There are 2 protein chains.
Amino acid sequence: MQAVSRLMTPVHAARRGRPPKTLSQRDEGNRRRDLIQRAARLFREKGYAATSTRDIAASVGMHSGSPFYHFESKQFLLFTVMCDGMNQAKAKQSEVLAKMRLARVSPEQLLYGLIRHHLEILLGADKDFIPVMLYEYRSLDAGQQQVLADMQHDYEADWLPVLKKLHAQKRLHTSVKWARLLIFGALNWTVQWHTMREGVSQAKQLDTLARAALDLFIHPASPEVAAS
Amino acid sequence: MQAVSRLMTPVHAARRGRPPKTLSQRDEGNRRRDLIQRAARLFREKGYAATSTRDIAASVGMHSGSPFYHFESKQFLLFTVMCDGMNQAKAKQSEVLAKMRLARVSPEQLLYGLIRHHLEILLGADKDFIPVMLYEYRSLDAGQQQVLADMQHDYEADWLPVLKKLHAQKRLHTSVKWARLLIFGALNWTVQWHTMREGVSQAKQLDTLARAALDLFIHPASPEVAAS
DNA sequence: CCTACCGATCGGTAGG
DNA sequence: CCTACCGATCGGTAGG
């Protein structure tokens, strides 16, 4: 996930003759990562337009002009947040799928796993990234939107075989095309209303929610249809 | 719906001694309505923070300071857009429900009607209002958010008896609490991806989408359970 | 509702 | 990465 984002980053370390600093304790990658992390949180909490580059600089202890040493523009920082988020989400989803396939679980369990993981991405510890992508899309330029659209397409592609199987089994009574859009909608919208309760483990709360979603979308197996 | 929004509007026609103008062809209400209409569209298209009051003024042919004659602040204009939208949506929904109740339709048909109407609100001719409310909520202050939360609660209250009935009939396999949140999510998210196709009537496209949503959420009636 | 304007803030840059 | 700064834009207001 780092690879892609670094590729897309115009590095300007060479610009405006600056001593290379030989990687002291605060090396460049860390500061850059800090900026991305804090920007993600601020963008999620206040929105992109309402967050100033000064807010971001202050939140990592920099002065107002310094973020522009790491990022050519505020928009590019937003784009980087989104790309990093997507790469991370896609990588984790692949892991989840690989594990389930080894365990030879049913299509229903596969869909549960995908839903559960997607909720983790939206509401879990790293929740600052994908929600920003979902809700600040229009702040990107056309080219950046295209890049992210392709990444989203890849991410959702993993869901299609599972949905197709469930549709073939008559456990999903909507075409795969509509089901995908509506299911992602229901999940993505949780960002708007879900808050973690105190005293219950986060994992359990996400389990419950994932189960509720699955039960809403997937019809019970009719007795004569065997699994897989 | 006008009533409430007018009530909440601090009228300052009396401020800064201005000749009352005796309602010429461009009377005050029309200009005010124009502002609300155009602001709603700009807020939806570009976002609240990214829309300047100058943009709004220009789009109705006013000069930059003039919107503040009608609205005490940009934020209050946003709030008015949302309130007008909610009042309109609630009123139309009540009509839809009243008609269906007269026709004594089934709970399934009731839910279809509610979904169909909600999609109309989100994607139909007046689509500039509720989407702004859904996506710019955080730009309001706490008091305004509370007012709108109450209105939304009223709006959604109409859905609960229908969902309860379907749950009792085992046609909805998720608790009413979760179902409401997830269903509204799936519908509200359509704003993000739905575009009208050319050559097909808008009504038909919304029918199709409403049907797809209903089929996703509601399980087929088991043979032994009679309607209602 | 227009004119003319203010103070604040913003993204971004030159130079070191 | 800091210092010092610029031009642009923004929400909002006084006065008519």
Side-chain angles (χ1 to χ4, degrees), chain A residues 10-36 38-39 42-43 46-80 136 139-141, chain B residues 10-36 38-39 42-43 46-80 136 139-141:
Chain A
V11 178
H12 27 244
R15 251 170 49 180
R16 295 191 293 254
R18 184 187 50 89
K21 238 195 179 183
T22 56
L23 288 183
S24 59
Q25 73 267 28
R26 49 162 58 171
D27 70 295
E28 201 152 297
N30 280 339
R31 298 300 278 159
R32 193 183 135 88
R33 247 191 314 273
D34 287 351
L35 274 169
I36 295 172
R38 303 305 204 109
L42 289 167
F43 289 158
K46 314 204 304 170
Y48 172 73
T51 301
S52 71
T53 55
R54 283 163 171 82
D55 290 339
I56 298 166
S59 86
V60 297
M62 283 180 184
H63 287 237
S64 71
S66 302
F68 295 96
Y69 168 76
H70 295 277
F71 295 92
E72 66 182 54
S73 69
K74 184 188 177 191
Q75 190 188 40
F76 197 84
L77 174 52
L78 174 67
F79 180 55
T80 306
E136 301 292 348
S139 298
L140 301 175
D141 66 38
Chain B
V11 179
H12 26 244
R15 252 169 49 179
R16 296 191 292 252
R18 184 187 52 91
K21 236 196 180 183
T22 56
L23 288 183
S24 58
Q25 72 267 28
R26 50 161 58 172
D27 70 293
E28 201 151 298
N30 280 340
R31 297 301 278 162
R32 194 184 134 86
R33 247 192 314 275
D34 286 352
L35 274 170
I36 295 171
R38 302 305 204 110
L42 288 168
F43 288 158
K46 313 204 305 168
Y48 171 72
T51 302
S52 70
T53 55
R54 283 164 170 81
D55 289 339
I56 298 166
S59 86
V60 297
M62 283 180 183
H63 287 235
S64 72
S66 302
F68 295 97
Y69 168 75
H70 294 278
F71 295 92
E72 66 183 53
S73 68
K74 183 189 176 190
Q75 190 188 42
F76 197 85
L77 173 52
L78 174 67
F79 181 55
T80 306
E136 300 293 347
S139 298
L140 301 175
D141 66 39

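In what follows, chains are A, B, ... by sequence order, proteins preceding strands, each numbered from 1. These numbers were taken from a predicted model, which means no experiment stands behind them.
Straight-line distance from the CD atom of Glu72(B) to the P atom of dT13(D): 9 Å, rounded to whole Å. If you take CD1 of Ile56(B) and C1' of dC10(D), they are 12 Å apart, rounded to a whole angstrom. dC2(C) atom P lies 5 Å from atom NE2 of His63(B), rounded to whole Å. The distance from atom CG of Asn30(A) to atom C1' of dC1(D) is 15 Å, rounded to the nearest whole Å. Atom C1' of nucleotide dC1(C) and atom CG of Asp34(B) are separated by 14 Å, given to the nearest angstrom. The NE2-P distance, from His70(B) to dG12(D), rounds to 16 Å in whole Å. Rounded to an integer number of Å, the gap from Leu35(B) CG to dC2(C) P is 10 Å. Phe71(A) places its CZ atom 18 Å from the C1' atom of dT13(C), with the value rounded to the nearest Å.
In this structure, Arg54(B) does not reach the dT9(D) phosphate: none of its side-chain N or O atoms is under 4.0 Å from OP1 or OP2. Considering only side-chain N and O atoms, Thr53(B) lies under 4.0 angstrom from the phosphate OP1 or OP2 of dG11(D).
Side-chain proximity of Ser64(A) to dG12(C), dG11(D), dC1(D): nearest is dG12(C). The Met62(A) side chain lies nearest to dC1(D) when the options are dG11(C), dC1(D), dG12(D). In this structure, the nucleotide among dG12(D), dC2(D), dG12(C) sitting nearest to the side chain of Ser66(A) is dC2(D).
Closest non-hydrogen pair, Ala49(B) versus Ala50(A), comes out as CB-N, 4.4 Å. Residue Met62(A) comes nearest to Pro67(A) through the heavy atom pair SD-N, 4.2 Å, listed as atom of the first residue, atom of the second, then distance. The minimum heavy-atom distance between Leu77(B) and Ala39(B), with the atom names listed, is CD2-CB, 3.8 Å.
Backbone-only engagement by Ser52(B) is indicated by non-hydrogen atom pairs under 4.0 Å involving sugar-phosphate atoms exclusively.
The only option from Leu35(A), Ile36(A), Asn30(A) that meets the side-chain contact (heavy atoms from CB on, under 4.5 Å) definition with Arg32(A) turns out to be Ile36(A).
Base pairing of dG15(C): its partner is dC2(D), meeting the Watson-Crick or G-U wobble criterion (both donor-acceptor distances under 3.5 Å).
With a 6.0 Å cutoff to the six-membered ring centre and a 45° limit on the axis angle, Lys74(A) does not count as a cation-pi contact of Phe43(A).
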